[in-house]
Participant: 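Dropping a structure here in structure tokens format, bear with me for questions.
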Amino acid sequence: MAQDLRTYLAELQKQLPDEFVRVEREIDPEFEVTGVLQKLEDRGQFPAVLFTNVRSLDGRPGHSCLMNLVASRRRIALAVGLSPDEYGTELTKRISDAAEQVGETMTVGRADAPVQEIVVTGHDVDLRSLPIIRQAEMDGGPYFTMNLINKDPSTGIYNGSFQRLMYRHPDETGTCMSPFDTWTIVKSYHDRGEPCPVAYVLGHHPAFELAQGIRLPFHVSEYEVAASLLGEPLRLVPSVTFGEDLLVPADAEAVLEGYIPPGVRKAEGPFGEWSGYYSGQRMGEIVKLTVITRRPDPILRTIWSGHREHTTLGGWEGEIHRRVAAAVPGLKAVSLAPSGVGMHCYISIKKRVDGDPKVAAMAAGSVGFLKLIIVVDDDVDVFDETQVWWSVAVRFQADDLDVVRTVKGSIIDPSNVHPTAHSLAIIDATEPKSRPFPTRLRVPLDVLERIHLDDYVTPTTDGKNS
Amino acid sequence: MAGIFWLTCPQCSFRFYVVDTDAGKGYEWFCPRCRKEFPERDGVPAVVNGG
């Protein structure tokens, strides 16, 4: 049986039962779903939450929505075939390797495609039949926040990404595209005066989601990377609208098919974004829907925007790891720091010579988007921000700060002065090789080896040490 | 992100903002709360940073 969202949920409940919550009470998609998530977050809790009785936009209960699924690196590790405890460098390398050694896709017929069990066409296409979540107060409407698929018209390479789609009409959504691969492909069609065919995937195995969030080179298909992360061929099926010209994931929960017409832009937004701020209402392209396909009882995925799962999905981390490893031999680990919502990157290396850290930083910076790169020695755990900033405190002087201006970035960053670019700060917080440097303190190793804590500290019955 | 340009909905007074690179070009906006569509000139500019 092919892996899909359901096989993953079964594994999650088996291996990490404390990280899964089911909400069966009827709930409205307008603010109430995110209200529950906010209450959990206020308690410091970030479980995957399956709501099984969400009302659709036209008021009918009984729909399933899955939120917060990837708000934990442990759950992401589980999604790509690792142990949950391998959420650090093992996870980064797993993602990086998947981009290097892509997997295969296979095409199946409609009879073997769960996502096309129900096909809605023509005047029956009505997004109000779905439980589209309205997340934050100033949002311009209910939003999908999942994966848009399109295909380069010149090379035939598939591209996938996370794109927000705002409900506008029963068969129309708004879009907001940053100038990356999805936008490039849309522009290619529009430059020819043609509409861009698209498919929008509303739920699949989280390994599939992860692949869509990786900043891959243009010539690498997210479909094939998803197959690599899944560890098996990704099953595709011809779309109902475009046939073999646009293949869609056969094991998804639901797929919206349609096109982005040239020369049509309408108001979209505001929307609460990963930055924690609303991006303003703007003029953006639209998607005209032609078909909705789905399972009989789809579990619709939505990323809770601006919260932990929005930036934990560390796909870029793998791509940065791949690029830095190619540039610097001594790479140990890469971390996109949680505090930086994807824009702060910490890199540890076994430095050979002065200059290695800057090469590592420039390789990382080539993915765009990053605003702060800190390079540390390999004695520092980049997944522990306290250690990273200790290194900055004692191994760095501000005189050595490098700033690269007008680097292509996100259009969402509220601090940007330029609409599509920002500045990148590079901090080399490694010990210098060109002059003597003090030695880090430590207890003698031979003493640590003969000290056994239980001989000195006795646990008490309440779990605290005496 | 581009700068922001605050508007107040002429129908329900909800305050929201548009990106300033699209502001001042005669576009039609809509209120996130009441869905009223209105030309920018009808949206009362709010105090910078929301007052």
Side-chain angles (χ1 to χ4, degrees), chain A residues 30-31 57 128 134-143 164 166-169 172-174 176-179 264-286 306 341 343 369 371 408-423, chain B:
Chain A
E30 180 161 293
F31 306 135
L57 293 192
R128 292 172 297 186
R134 192 165 186 197
Q135 302 197 10
E137 185 178 17
M138 199 195 285
D139 285 357
Y143 267 86
R164 71 192 208 199
M166 184 191 77
Y167 172 83
R168 287 189 58 84
H169 299 295
E172 182 181 311
T173 75
C176 173
M177 287 180 282
S178 288
V264 181
R265 296 174 74 233
K266 296 182 181 177
E268 182 269 352
F271 185 63
E273 271 288 355
W274 50 262
S275 63
Y277 285 91
Y278 296 99
S279 62
Q281 197 168 107
R282 67 178 66 227
M283 302 303 290
E285 285 79 6
I286 65 164
V341 291
M343 298 191 293
F369 200 82
K371 293 178 69 180
K408 187 174 77 171
S410 171
I411 62 174
I412 302 298
D413 178 357
S415 68
N416 277 5
V417 175
H418 190 286
T420 59
H422 54 215
S423 298
Chain B
M1 185 168 79
I4 57 174
F5 183 81
W6 281 91
L7 290 173
T8 301
C9 173
Q11 180 165 282
C12 74
S13 299
F14 188 69
R15 291 187 308 135
F16 67 103
Y17 50 75
V18 304
V19 299
D20 68 353
T21 48
D22 282 345
K25 296 179 179 175
Y27 291 134
E28 189 162 272
W29 305 107
F30 70 90
C31 172
R33 176 185 283 170
C34 72
R35 317 303 295 179
K36 179 178 176 57
E37 296 184 0
F38 59 92
E40 188 173 300
R41 64 177 178 276
D42 290 350
V44 182
V47 177
V48 172
N49 287 335

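Just so we're on the same page: letters track the sequence lines, and every chain starts at 1. What's counted below: heavy atoms across the whole structure, side chains too, no hydrogens, waters or symmetry copies.
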Participant: Can you tell me how far CE of M283(A) sits from NZ of K25(B), rounded to the nearest 0.5 angstrom?
Facilitator: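 Here the interatomic distance stands at 10.0 Å.
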Participant: Say you draw a straight line from CG of D20(B) to CZ of R282(A); how long is it, rounded to the nearest 0.5 Å?
Facilitator: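 If I round to the nearest 0.5 Å, the distance is 10.0 Å.
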Participant: For Q281(A), run the side chain to side chain contact (heavy atoms under 4.5 Å, CB included) check against Y27(B), Y17(B), F5(B), F30(B) and tell me which one passes.
Facilitator: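 Testing each of Y27(B), Y17(B), F5(B), F30(B) against Q281(A), the sole residue satisfying side chain to side chain contact (heavy atoms under 4.5 Å, CB included) is F30(B).
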Participant: Which residues pass the side-chain contact (heavy atoms from CB on, under 4.5 Å) test with E30(A), sequence neighbours left out?
Facilitator: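 With neighbours one apart ignored, the set is D28(A), R134(A).
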Participant: Kindly write out the residues that satisfy side-chain contact (heavy atoms from CB on, under 4.5 Å) with R128(A), not counting sequence neighbours, or none if the list is empty.
Facilitator: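 Residues passing side-chain contact (heavy atoms from CB on, under 4.5 Å) with R128(A): L57(A), D58(A), D126(A), Y167(A), P170(A).
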Participant: Nearest heavy-atom pair of P32(B) and D139(A): which atoms, and what distance?
Facilitator: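 Shortest heavy-atom separation between P32(B) and D139(A) comes out as CB-O, 3.4 Å.
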Participant: Just how far is it from atom CD of E137(A) to atom CZ of R33(B), taken to the nearest 0.5 Å?
Facilitator: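 If we round to the nearest 0.5 Å, E137(A):CD and R33(B):CZ are 7.0 Å apart.
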